[in-house]
2 protein chains.
Amino acid sequence: MKAKNQTPNHCLSPNEIESRLKSAGVQPTAQRIAICRFVLCEAKHPTAEQVKAWADLNFPKISLATVYNTLGILVQAGLLKEYRFPHTESSVYDNNLTSHHHFLDEATGELIDIEPDQLSVNLKLKPSFKIKEMEILLKGTRS
Amino acid sequence: MKAKNQTPNHCLSPNEIESRLKSAGVQPTAQRIAICRFVLCEAKHPTAEQVKAWADLNFPKISLATVYNTLGILVQAGLLKEYRFPHTESSVYDNNLTSHHHFLDEATGELIDIEPDQLSVNLKLKPSFKIKEMEILLKGTRS
DNA sequence: TCTAAATTTAGAATAGTTCTAAATCTGGAA
DNA sequence: TTCCAGATTTAGAACTATTCTAAATTTAGA
Ligand SMILES: [Mn+2]
Ligand SMILES: [Mn+2]
Ligand SMILES: [Zn+2]
Ligand SMILES: [Zn+2]
């Protein structure tokens with residue numbers, strides 16, 4: 001069961017993006033709306049460079065600084081999550097806002113979301129450990 | 001300058017380090033032995049900079065390039081593991097060579113080894129996923 | 001329309017790491 | 001021993017991802 005939070009893959013209209021930004025307290029500039037069209041919709045775990053590459057094709061002119069600024073603002077506003085994985089230096093951005101894990105296909109480099117219902121973890125730690133968050137990365141290949 | 005007074009759990013003698021390096025096919029130079037005294041023994045998840053800082057106190061003169069070279073060689077030789085975690089840019093090096101997980105104390109920044117028997121994971125993935133490795137980072141605080 | 005504040009931008013700065021190429025060591029061969 | 005080819009060490013340059021700086025521009029709204 002999903003669709004409780006917004007599901008990615010369905011593109012939001014510029015108007016929907018605009019109102020989302022506004023209600024998150026982010027001024028909806030043309031650059032920000034353009035970047036959101038990509039990172040809140042079709043992109044799956046893009047890096048800043050990939051966002052820049054997409055923007056270069058879809059927006060008259062946008063600077064790398066604005067890409068970084070906007071991604072940071074979206075993360076701060078809670079509209080995007082930032083992940084850093086061991087296999088690359090670059091941050092990746094995720095429009096899946098629910099708590100989830102990741103599978104790295106070592107053959108292709110592709111990152112795939114693993115929803116929490118696809119695995120269960122049983123902790124047997126001493127009670128002195130207070131766990132607030134758990135990040136799991138599975139690595140392997142997919143046939 | 002030496003600091004022989006601390007007796008961490010299993011400190012190897014310079015001779016033991018030397019034979020370990022030799023049997024791993026690594027030429028045991030003075031710099032490498034010095035670095036090993038730290039990273040194979042008392043250090044817990046040090047960064048390259050921390051290794052450099054220790055070396056500056058315990059070896060006449062050592063360059064940062066040699067620290068990085070040596071850490072890389074030790075990792076390649078299988079005597080050390082390198083981890084990259086989301087909360088810092090710097091790699092950390094680990095002399096615990098068994099497969100294990102980590103707990104990050106968000107209050108102190110301390111990384112603590114979590115042995116596999118301290119948690120169990122049940123995967124319910126489609127059989128197309130071939131998992132080769134699993135990296136788990138727990139975040140929280142310890143009382 | 002006007003203006004203060006927000007945003008965008010190019011380029012400089014930064015941090016961690018790797019690379020380069022010259023100096024220095026080292027294990028054997030002679 | 002002496003010698004030397006190859007390994008190692010080193011200082012500093014280069015590199016990459018990201019952040020910072022400060023000037024130009026856009027924007028909201030009075
Ligand atoms: Mn960031
Ligand atoms: Mn780096
Ligand atoms: Zn994800
Ligand atoms: Zn560890």
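Order of the sequence lines sets the chain letters (A, B, ...), proteins ahead of strands, with each chain counted from 1.
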Q: Report yes if a side-chain nitrogen or oxygen of A:Ser91 is closer than 4.0 Å to either non-bridging phosphate oxygen (OP1 or OP2) of D:dA17; otherwise report no.
A: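 Answer is no, no contact under 4.0 Å.
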Q: Check each of B:His45, B:His101, B:His102 against B:Phe85 using the ring-ring contact (aromatic ring centres under 6.0 Å, His included) test, and report the only one that passes.
A: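 Looking at B:His45, B:His101, B:His102, the match for B:Phe85 under the ring-ring contact (aromatic ring centres under 6.0 Å, His included) is B:His102.
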Q: Rounded to the nearest Å, what distance is computed from the CG atom of residue B:Leu71 to the C1' atom of nucleotide C:dG16?
A: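 Answer to the nearest Å: 13 Å.
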Q: Please check the phosphate of D:dT18 (OP1 and OP2 only) for any side-chain N or O of A:Tyr68 closer than 4.0 Å.
A: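 Answer is yes, contact under 4.0 Å.
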Q: Looking only at side-chain atoms of A:Ser63, point me to the closest of C:dT9, C:dG16, D:dA11.
A: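 Among the listed nucleotides, the one closest to the side chain of A:Ser63 is C:dT9.
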Q: What is the distance from CD of B:Glu89 to C1' of D:dC15, rounded to the nearest Å?
A: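 Checked: the CD to C1' distance equals 14 Å.
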Q: For a quick test of reading the model: is some side-chain N or O of B:Lys22 closer than 4.0 Å to OP1 or OP2 of C:dG27?
A: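 False: B:Lys22 side-chain N/O out of range (4.0 Å or more) of C:dG27 OP1/OP2.
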Q: If you round to the nearest 0.5 Å, how far is CD of A:Glu110 from CG of A:Leu104?
A: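 Atom-to-atom, A:Leu104:CG and A:Glu110:CD are 9.5 Å apart.
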Q: What's the CZ-P distance between A:Phe59 and C:dT7, to the nearest Å?
A: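 In whole Å, C:dT7 P and A:Phe59 CZ are 15 Å from each other.
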Q: Is the phosphate of C:dT8 approached by A:Arg32 (side-chain N or O, under 4.0 Å from OP1 or OP2)?
A: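 Indeed, a polar side-chain atom of A:Arg32 lies that close.
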Q: Round to a whole Å and report the spacing from CG of A:Asp56 to P of C:dT9.
A: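 That distance rounds to 11 Å.
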Q: With a cut-off of less than 4.0 Å, is there a side-chain N or O of A:Thr29 near OP1 or OP2 of C:dT8?
A: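 The answer is yes; a side-chain N or O of A:Thr29 sits under 4.0 Å from OP1 or OP2.
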Q: Tell which nucleotide pairs with D:dA30, taking only Watson-Crick or G-U wobble pairs whose two distances are both under 3.5 angstrom.
A: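 D:dA30 is paired, partner C:dT1.
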Q: Between P on D:dT8 and NZ on B:Lys61, what's the gap in Å once rounded to a whole number?
A: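 Rounding to the nearest Å, NZ of B:Lys61 and P of D:dT8 are 19 Å apart.
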Q: Let me know the distance between CD1 of B:Ile62 and P of D:dG12, rounded to the nearest Å.
A: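 Value for this atom pair: 17 Å.
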Q: Consider the side chain of B:Ser90, meaning its heavy atoms from C-beta on, and name the nucleotide among D:dT8, C:dT8, C:dG16 that approaches it most closely.
A: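 Ranking D:dT8, C:dT8, C:dG16 by closest atom to the B:Ser90 side chain puts C:dG16 first.
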Q: Touch check for A:Gln31, heavy atoms < 4.0 angstrom, all strands: base, sugar-phosphate only, or nothing?
A: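 Since only primed, P, OP1 and OP2 atoms lie under 4.0 Å of A:Gln31, the category is sugar-phosphate.
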Q: Which value, rounded to the nearest 0.5 Å, describes the distance between A:Leu138 atom CG and B:Ile131 atom CD1?
A: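 Between atom CG of A:Leu138 and atom CD1 of B:Ile131 there are 4.5 Å.
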Q: Exactly one of B:Glu16, B:Arg32, B:Gln27 should register a side-chain contact (heavy atoms from CB on, under 4.5 Å) with B:Leu21. Which one does?
A: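 Exactly one option meets the side-chain contact (heavy atoms from CB on, under 4.5 Å) with B:Leu21, and it is B:Arg32.
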Q: Any idea which of D:dT9, C:dT8, C:dG11 is nearest the A:Ala65 side chain?
A: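 Of all the options, the side chain of A:Ala65 is nearest to C:dG11.
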Q: Rounded to whole angstroms, how far apart are CG on B:Leu64 and P on C:dG16?
A: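 To the nearest whole Å, that distance equals 10 Å.
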Q: Under a 4.5 Å cut-off applied to non-hydrogen side-chain atoms, are A:Lys139 and A:His87 in contact?
A: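 Not in contact.
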Q: Judged by each residue's nearest nucleotide on DNA chain C, which is more toward the 5′ side, B:Ala30 or B:Val92?
A: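 The residue mapped nearer the 5' terminus is B:Val92.
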Q: Does the side chain of A:Gln27 get closer than 4.0 angstrom to OP1 or OP2 of C:dT7 through an N or O atom?
A: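 For C:dT7, OP1 or OP2 has a side-chain N or O of A:Gln27 closer than 4.0 Å.
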Q: To the nearest angstrom, how far is A:Lys52 atom NZ from D:dT16 atom C1'?
A: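 Rounded to the whole Å, the gap is 16 Å.
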